[in-house]
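Within every chain, numbering begins at 1; the chains are lettered A, B, ... in the order of the sequence lines, protein sequences first and strands thereafter.
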Amino acid sequence: MEAFQLLSRGGVQFNKNRFKKDVDLFNKSESKSKRPQTSGQGSELPATLDFFKYAQGVEGKRKNNAGGGRPGKKRKVAEAGDKAEVELEEDMKEDETQETSKSDIENDNNIPHQRHRVTTKGSNVPDFAETFEALRDRYQLSSNLLSNLSKNGYVYPTGIQSYGAPILLEGRDLVAISPTGTGKTVSYLLPTFASLRAPVTSAGSDAGLGVRAVVLAPTRELAHQIHNECLKLTQGRKWKIVLFSKATANALSDKAVRDKIDMIVTTPLRLVASLQSGSLSLSNVRHLIFDEADRMLDKEFFPQIEEIVAACTHSKIQKAVFSATLPANAEKIAMDMLQDPVRVVVGLKDTPLPLITQSLTYVADDGSKLPSLLTYFSQPYNPPVLIFTSTQPRASSLAEELVLSGISNVDCLHAGMSKKEREDAVSRMRKGESWVMVSTEVMARGMDFKGIQEVINYDFPTTVQSYIHRIGRTGRAGRSGKAVTFFTDTDGPYLKAIANVILQSGQSVPEWITNLPKPSKMKRKQMGKTKRPETVNAARKIGRNDAIKKREMIAGSKRRKIKELAHDKESRTIPQY
DNA sequence: TCGCTTT
């Protein structure tokens with residue numbers, strides 16, 4: 001713990017220009033809950049890292065500020081002094097006209113959905129619920145659910161919870177888009193348990209035989225985390241919620257076991273394997289939920305998804321998709337799968353949380369990355385830090401290099417590791433034992449490590465979605481966070497798109513980046529073919545001086561004085577994705 | 001595009 005303090009340095013950064021109002025509000029009500037290291041109270045650290053203490057007490061209220069009020073695009077007047085608000089209009093042209101917008105920036109209190117712009121679209125959209133109590137009264141939620149919510153520190157519903165839950169509770173299909181760390185999991189678990197009413201084993205249940213709800217997630221770690229959340233919400237009742245694995249799947253061969261299951265949380269392929277072996281029927285499933293929906297609809301997962309959907313033959317099946325990002329093509333696929341869905345968007349679509357301070361760092365070439373990172377670690381930093389690489393070997397060897405360089409408590413996590421190794425790594429992360437976690441895309445989505453101070457994109461993300469999800473591992477539940485992205489000369493094709501995301505979240509990037517021409521498809525293709533180096537060992541051989549020289553050259557020729565661009569209309573372009 | 005994820 002002492003070492004934590006040695007490593008730490010005070011101060012969190014906000015983008016105070018753009019989100020002054022949110023920041024003020026944040027500081028006013030939450031000054032007490034700054035990073036423990038900054039106040040030197042190392043003993044508090046485990047609490048902020050502890051997933052299960054998420055959202056308790058003060059933290060719980062903070063969570064409600066998550067996302068800090070994105071300005072309403074249809075309410076240009078809301079903050080008349082702020083030019084950028086008006087210009088956001090431009091980003092919205094694609095939106096359909098019949099949607100309703102309920103925004104609320106005037107009501108400057110702590111009720112969370114009032115910190116977000118929420119737009120809904122669809123026929124007969126159910127009313128949002130301001131509080132969990134309102135939800136309970138309107139839909140007869142059990143007192144058990146309500147008390148479990150408050151026991152776990154959920155005080156007010158977040159935007160997606162107050163809008164999404166009524167839609168699901170009225171049996172409607174749902175497309176939900178809400179930023180990282182804004183409580184999507186609870187927004188579907190709460191209504192699902194409420195709709196199931198009682199465990200299948202309870203007396204007089206007319207639930208029929210077999211599992212009634214399925215939650216799909218793209219990684220084991222995320223499924224595990226969702227399962228934990230299920231357990232929290234169902235404390236004190238005999239719900240049978242199964243985190244699907246080889247072992248639990250094998251147990252299904254016993255029909256008596258099979259028929260007692262209320263809900264399965266699983267990755268798609270695991271479920272498909274059980275379907276194909278005939279050990280499981282989904283004919284009684286009434287709730288099918290896709291977490292990280294755009295990822296689940298990717299080409300690798302989609303055949304499995306189709307098979308699962310086809311196996312859910314119950315006439316009253318409700319389907320819902322959730323993600324922080326949903327590109328148009330994925331949304332189209334989702335919409336085709338759903339019946340008369342309601343679409344809810346919290347915040348500005350595909351825009352990261354404003355409380356994440358984002359920056360781009362030029363590192364010339366791959367060989368300059370490690371020296372740059374070591375320089376970073378030679379200065380005081382706030383752990384834990386999550387580092388993303390593009391491949392498994394690069395994650396392993398970077399972790400090794402950091403250990404060899406004397407960095408403390410370095411961990412590594414990628415899907416090439418054994419199940420146990422992965423579980424141990426996540427567990428160390430949850431306990432706060434990892435200060436530096438080097439990982440691949442496997443950690444990019446959904447994982448909720450509350451304490452993560454900083455995300456470093458050591459390798460450049462290849463899609464905007466990847467970028468948004470990766471940096472969304474920090475700044476969760478209303479906390480602040482920092483995201484640094486290394487870029488090299490070969491990252492050109494993607495650079496501008498990411499820069500646009502940063503601008504969109506109201507932060508600035510060097511002007512020369514925004515002035516880059518949009519690379520042609522041809523060019524992008526060529527650059528995409530450029531081979532990325534296999535390991536950081538190779539990277540190491542390349543001297544650092546070259547990198548510095550090159551950086552200076554670039555600085556001289558291209559880089560101009562960094563200017564506040566967030567309000568500069570010219571630079572406000574719609575991200576290309 | 002590629003590698004990432006999923007038994």
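Distance, A/K419 NZ to B/dT5 C1': 16 Å, rounded to whole Å. Look at CD1 on A/I264: it is 16 Å from C1' on B/dT6, rounded to the nearest Å. In this structure, CD1 of A/I226 is placed 13 Å from P of B/dT6, rounded to the nearest angstrom. Note: CD (A/Q392) to C1' (B/dC4) measures 8 Å, nearest angstrom. Between the CE atom of A/M417 and the P atom of B/dT5 there is a distance of 11 Å, given to the nearest Å. Taking atom CZ of A/F301 as the reference point, atom C1' of B/dC4 lies 9 Å away to the nearest angstrom. Between A/E221 atom CD and B/dC4 atom C1' there is a gap of 13 Å when expressed in whole angstrom units. A/E441 has its CD atom 16 Å from the P atom of B/dC2, to the nearest Å.
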- Item | Evaluation steps, side-chain contact (heavy atoms from CB on, under 4.5 Å), between A/S245 and A/T248 | CA-CA 5 Å; A/S245 66; A/T248 49; 3.3 Å; yes
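Both tests do not hold together for A/K184 against A/F322: distance to the six-membered ring centre under 6.0 Å, angle to the ring axis within 45°.
Residue contacts shown for A/A273 are absent, as no nucleic acid heavy atom lies under 4.0 Å away. Here A/R445 lies out of heavy-atom contact (under 4.0 Å) with every strand. Using a 4.0 Å heavy-atom cutoff across all strands shown, A/P268 reaches no nucleic acid atom at all. A/R470 comes within 4.0 angstrom of nothing in the nucleic acid, heavy atoms only.
The base of B/dT6 lies close enough to the side chain of A/Q304 for a donor and an acceptor atom to sit less than 3.5 Å apart. Residue side chain A/R295 reaches the base of B/dT5 through a donor-acceptor N/O pair under 3.5 Å, judged by distance alone.
Of the side-chain N and O atoms in A/R394, none sit less than 4.0 angstrom from OP1 or OP2 of B/dG3. A sub-4.0 Å separation between OP1 or OP2 of B/dT6 and a side-chain N or O of A/R422 is present. The phosphate of B/dC4 (OP1 or OP2) has no side-chain N or O of A/S390 nearer than 4.0 angstrom.
If you check B/dT5, B/dT7, B/dC2 against the side chain of A/T462, the one that comes closest is B/dC2. When the nucleotides B/dG3, B/dT7, B/dT6 are ranked by their closest atom to the side chain of A/K246, B/dT7 comes out on top. Closest to the side chain of A/K299, from the set B/dC4, B/dT7, B/dG3, is B/dG3.
Atom CZ in A/R295 sits 10.0 Å away from atom OG in A/S466 (nearest 0.5 Å).
For A/F487 and A/Y362, the ring centers are positioned less than 6.0 Å apart.
Taking the side chain as every heavy atom from C-beta outward, A/H469 and A/T325 approach each other to under 4.5 Å.
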